[in-house]
Amino acid sequence: MTRPIRIPQRAALGAVGGALALALTACGGGAAGSGGDAGSASQADPGAFPVTVQTQFGTATIPRAPRRVVALGWSDQDAALALGVKPVAIVKTEDGFKNGVGPWAEQALGDARPQVLDTTDGYPIEKVAALHPDLILAVQSGLTSADYGKLSQIAPTVGYLSGRTAYGTPWEEQTELIGKALGRGKEAAQAIAAVDQSLTRDAATYPQLKGKSFLYAFPQPSNGRVVLYTDERTRVLERAGLVLDPVATGAPKLNSFSNALSMEHLGSLTSQALLVWYSTPENQQQLESNPVFKGLPAVASGAYLPVNRTLAQASSAPSVLSIPWSAEQILPALAKSLH
């Protein structure tokens, strides 16, 4: 399994931060340590165990509150951390992330130092086994049947639900599944509700966004195309009042989470707001110097937001921790230019 590049404080957010902090406090915060032990059974919901979780590749039965959790999903560690569980290992997503997590998750991580696993060439089965986990999370992942067969021999493994695609689980479902596996369903529901409320407040705080069309793009000059996302990252922005431009859904399908247009159709990106993330500074310079790009409505009006790699990671696999953080980076900047 190769992790794909998902072609990868204001008052409103203060409120959701407070709600999530209350949820963390309620579930005990987890035990800290070099690996991030998950905590004691008393922190789980009463009567939560044993619990059985049915996912696409099989059934995971978790007999008791897990103490050593390995998070192999791209943002599964965020959901676990939001529920007070500190995994002993997580997957590497960005070279520059301190202790393996994005800035939105650092406070929840605290002084825990999980092992950061490189899954570029597939799941490191031996390293996972050496951690002696009692639960493996692979919800927001590229898990295959073969992967599941190996991992489930090590510990109960929770993948994505039947009918979902690799890396295609909505953040609410991800949080619910992980909450169930950790015996913290009540805290999961509270965390989801807090983020839902934050997005509702965002829509009210920035009425300029309501009904404005937008695109979230990724240029691939070497392939002569522009990727247009149609997945969870755009759905979150729609919750704040923006409307995905029909050009994104009408473009030729590229994969399960995006469509693509050839670079010669760059001029058709006439949305009122435009977010673009770049894999290299050279790609950014090349696109921003393009006369057609300069003339796009969003660029000309200032409703164009270059997305750096950290924000791209946060929005590509949105979680209960990354969504409020991402909103703070994106929404005020767009609202200033949209009228």
Would a distance-only check, ignoring hydrogens and angles, find a side-chain to backbone donor-acceptor pair under 3.5 Å from [X] to [Y]?
X      : Y      : value
Gln153 : Gly149 : yes
Glu187 : Leu83  : no
Asp45  : Lys186 : yes
Thr93  : Val91  : no
Ser141 : Gly73  : no
Glu328 : Pro324 : no
Thr119 : Gly122 : no

Check: Name the one of Ser315, Ser258, Ser271 that satisfies side chain to side chain donor-acceptor pair (under 3.5 Å) with Tyr216?
Finding: Ser315
Could you tell me whether the side chain of [Y] reaches within less than 4.5 Å of the side chain of [X], counting heavy atoms only?
X      : Y      : result
Val70  : Leu135 : no
Ile136 : Ser152 : no
Gln313 : Trp74  : yes
Ser319 : Thr175 : no
Val116 : Phe97  : no
Thr169 : Leu161 : no
Val226 : Gln220 : no
Leu72  : Leu151 : yes

Checklist line | Among Leu261, Leu254, Thr234, the one residue meeting side-chain contact (heavy atoms from CB on, under 4.5 Å) with Leu228 | finding: Leu261
Is it the case that the side chains of [Y] and [X] hold a donor-acceptor pair, with the cut-off being a distance below 3.5 Å and no angle test?
X      : Y      : result
Ser262 : Arg225 : no
Thr310 : Glu94  : no
Thr205 : Asp202 : no
Tyr278 : Gln285 : no

Could you tell me which non-hydrogen atom of [X] sits nearest to which non-hydrogen atom of [Y], and how far apart they are?
X      : Y      : result
Ile178 : Val139 : CG1-CG2, 4.0 Å
Ser322 : Ala314 : OG-O, 3.1 Å
Asn259 : Lys253 : OD1-CA, 3.1 Å
Ala60  : Val158 : CB-CG2, 4.0 Å
Ala44  : Phe49  : CB-CE1, 3.6 Å
Arg201 : Ala194 : NH2-O, 4.3 Å

Item checked: Chi angles and distances behind the side-chain hydrogen bond (donor to acceptor under 3.5 Å, both in side chains) call for Asp78, Trp104 -> CA-CA 9 Å; Asp78 289 359; Trp104 52 89; 2.9 Å; yes
Item checked: Same cluster (ILVMFWY, side-chain, under 4.5 Å), Val243 and Tyr304 -> no
Margin query: side-chain contact (heavy atoms from CB on, under 4.5 Å) for Leu305 and Leu334? Distances and angles first, verdict last.
Written below: CA-CA 7 Å; Leu305 181 65; Leu334 294 182; 4.2 Å; yes
Next item on the list: Kindly indicate, with the supporting measurements, whether the criterion side-chain hydrogen bond (donor to acceptor under 3.5 Å, both in side chains) is fulfilled by Gln140 and Trp171.
Entry: CA-CA 9 Å; Gln140 194 66 272; Trp171 65 271; over 6 Å; no
Check: Where do Ser75 and Gln174 land on the side-chain hydrogen bond (donor to acceptor under 3.5 Å, both in side chains) test, with the steps shown first?
Finding: CA-CA 9 Å; Ser75 57; Gln174 174 194 39; 3.0 Å; yes
Pair [X] + [Y], salt bridge at N-O below 4.0 Å:
X      : Y      : result
Glu238 : Arg235 : no
Lys98  : Glu106 : no
Asp196 : Arg239 : yes

Return the [atom1] to [atom2] distance between [X] and [Y], rounded to the nearest 0.5 Å.
X      : Y      : atom1 : atom2 : value
Lys150 : Thr144 : NZ    : OG1   : 8.0 Å
Ser213 : Leu244 : OG    : CG    : 9.0 Å
Gln208 : Leu242 : CD    : CG    : 10.5 Å
Asp245 : Leu215 : CG    : CG    : 4.5 Å
Gln54  : Thr61  : CD    : OG1   : 9.0 Å
Leu237 : Leu275 : CG    : CG    : 6.0 Å

Item checked: Test log, rule side-chain contact (heavy atoms from CB on, under 4.5 Å), inputs Leu274 and Phe293 -> CA-CA 11 Å; Leu274 178 63; Phe293 181 80; 3.8 Å; yes
Check: Would Ser162 and Phe57 satisfy side-chain contact (heavy atoms from CB on, under 4.5 Å), going step by step from the backbone distance to the final call?
Finding: CA-CA 8 Å; Ser162 180; Phe57 301 108; over 6 Å; no
Item checked: Chi angles and distances behind the side-chain contact (heavy atoms from CB on, under 4.5 Å) call for Ile90, Leu117 -> CA-CA 6 Å; Ile90 62 178; Leu117 303 172; over 6 Å; no
Item checked: Contacts of Glu176 that satisfy salt bridge (charged side-chain N to carboxylate O under 4.0 Å, His left out) - sequence neighbours left out ->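 Testing Glu176 for salt bridge (charged side-chain N to carboxylate O under 4.0 Å, His left out), a comparison that skips the adjacent residues, returns none.
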Next item on the list: Measure centre to centre between the rings of Tyr160 and Tyr167, then say whether the value is under 6.0 Å.
Entry: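 Aromatic pair excluded; centres sit 6.0 Å or further apart.
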